[in-house]
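These numbers come from the heavy atoms of this one structure, side chains and all, not from hydrogens, waters or symmetry mates. As the structure is a computational prediction, the values presented were derived from the model and not from experiment.
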Amino acid sequence: MKWKYIFSILTITVMMNTLSADNNQKNLTTDGQRVVDYLLSDWKKRFHSTTIHQAMANLNIKPDDLLRLSVGQYIRDNPGIARNIRFWSANNYILSDQEKRIIKYLIFTGEKTDLTPSLRVMSKDLVINENNLQDRLSFLAKTGILIKDSDRPLGYSLVNNYSNWGGPLRYNFHTVTVDDANPFGVW
C-alpha cells in the first residue's frame with residue numbers, strides 16, 4: 001500500500017510538471033520555441049552547453065534581448081527539461097559571452113578593490129563602446145544579476161547573491177567551432 005501511494009504521488013508530480021511546462025511553452029513566441037527546441041537538441045550532444053544567444057545566432061534570429069529574457073525565463077521555470085540547466089544554472093544560458101565578461105570584470109574589480117568603476121573606466125578596460133556597455137548593463141539588470149544603485153559611479157551594483165546567481169561555474173564560457181558546424185558553448 002505504501003509503495004502504491006508513493007507511486008501515485010510521483011505520477012501526479014510528473015503530470016503537473018509536464019502540464020506546467022506545456023503552459024509555459026504557450027507563452028513562448030514561435031522564435032522562442034525554435035530556440036528552446038534547438039537548445040534541447042544541442043544539449044544532448046556530448047560537452048555541448050550552448051547559450052540562448054548562440055542558439056539564436058545559429059538559427060539566424062536577429063539579436064533580441066526580450067526573446068532571450070523570455071526563453072531564459074522559460075528555462076528558469078522548467079529546470080527539469082534538460083540536465084544542463086540543473087547542473088549549470090539557467091541564468092548562465094541567458095548571458096552572452098560579452099555579458100559574462102562584464103559580470104566577471106565587476107566581480108573581480110569589486111572583490112579586489114571593493115569599488116565599482118565608472119562607465120568610462122570600464123569601457124576602456126573591456127574595450128567596449130560606452131553606449132554598448134550602458135545597453136548591456138541595462139540588460140543585465142533585467143536578468144537580475146545587477147541592481148540599480150545610485151551610490152555607485154556605474155549606477156549599478158551586483159546582487160547580493162551574485163556568487164550563486166550564475167551557478168557553480170560562475171560566468172565561464174568557451175565557444176567552440178568544429179569544421180563547418182555551428183559554434184557551440186562548452187563548460
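- Side-chain contact between Asn92 and Thr51 is absent, with no heavy atoms from C-beta onward closer than 4.5 Å.
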Contacts under 3.5 angstrom, residues 178-185 side chains, donor-acceptor by atom type, not counting sequence neighbours:
none

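- Taking the side chain as every heavy atom from C-beta outward, Asn84 and Tyr93 approach each other to under 4.5 Å.
- Between Tyr38 and Gln54, every side-chain heavy-atom pair lies at or beyond the 4.5 Å cut-off.
- Partner of Tyr162 under the side-chain contact (heavy atoms from CB on, under 4.5 Å) criterion, chosen from Leu146, Ile103, Ile107: Ile107.
- In this structure, Tyr156 OH and Leu119 CG are separated by 9.5 Å, a value rounded to the nearest 0.5 Å.
- With sequence neighbours excluded, the residues that form a salt bridge (charged side-chain N to carboxylate O under 4.0 Å, His left out) with Arg136 are Asp65, Glu99.
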Ile94/Arg76 under side-chain contact (heavy atoms from CB on, under 4.5 Å): CA gap, chis, key distance, verdict = CA-CA 10 Å; Ile94 299 169; Arg76 281 176 178 159; 3.5 Å; yes

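- When the salt bridge (charged side-chain N to carboxylate O under 4.0 Å, His left out) test is applied to Arg120, the partners found at least two apart in sequence or on another chain are Glu130.
- One finds the OG atom of Ser138 at 11.0 Å from the CG atom of Leu133 (value rounded to the nearest 0.5 Å).
- Residues meeting the side-chain hydrogen bond (donor to acceptor under 3.5 Å, both in side chains) test with Asp31, sequence neighbours left out: Arg34.
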inquiry  = Under the criterion side-chain contact (heavy atoms from CB on, under 4.5 Å), I'd like the reasoning laid out for Asn129 against Ser123: C-alpha separation, chi angles, the key distance, then a yes or no.
reply    = CA-CA 6 Å; Asn129 169 290; Ser123 171; 5.7 Å; no

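- Pairing each heavy atom of Ser118 with each of Pro153, the nearest pair is CA-CB, 4.1 Å.
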task = Check step by step if side-chain contact (heavy atoms from CB on, under 4.5 Å) holds for Gln33 and Tyr74.
result = CA-CA 10 Å; Gln33 187 60 56; Tyr74 174 79; 5.8 Å; no

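- The shortest distance between side-chain heavy atoms of Phe139 and Leu69 falls below 4.5 Å.
- Summarising the geometry, atom CG belonging to Asp37 is positioned 12.5 Å from atom CG belonging to Asp42; distances are rounded to the nearest 0.5 Å.
- Looking at Trp43 and Ile85, their side chains come closer than 4.5 Å, going by heavy atoms from C-beta outward.
- When the ring-ring contact (aromatic ring centres under 6.0 Å, His included) test is applied to Trp165, no partner is found at least two apart in sequence or on another chain.
- Summarising the geometry, atom CG belonging to Leu39 is positioned 10.5 Å from atom CE belonging to Met56; distances are rounded to the nearest 0.5 Å.
- Hydrophobic clustering of Ile, Leu, Val, Met, Phe, Trp and Tyr side chains at less than 4.5 Å, counting indirect connections, unites Ile102 with Phe108.
- Annotation for Val121 and Pro117: closest pair CG1-CB, 4.1 Å, computed over non-hydrogen atoms.
- Rounding to the nearest 0.5 Å gives a distance of 5.5 Å between CG of Leu137 and CD of Gln134.
- Within the structure, salt bridge (Lys or Arg N to Asp or Glu O under 4.0 Å) contacts touching residues 146-163 (residues at least two apart or in different chains) are Asp149-Arg152.
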Chi angles and distances behind the side-chain contact (heavy atoms from CB on, under 4.5 Å) call for Leu106, Leu154 = CA-CA 10 Å; Leu106 289 173; Leu154 193 59; 3.7 Å; yes

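- Side-chain atoms of Arg101 and Gln98 include no donor-acceptor pair closer than 3.5 Å.
- Proximity of Asn91 to Thr143: side-chain heavy atoms (C-beta onward) are nowhere separated by under 4.5 Å.
- Ile52 is not listed as a side-chain neighbour of Leu67, based on a closest heavy-atom distance of 4.5 Å or more.
- Heavy atoms from other residues, nucleotides or ligands lying under 6.0 Å from CG of Asn161 number more than 12.
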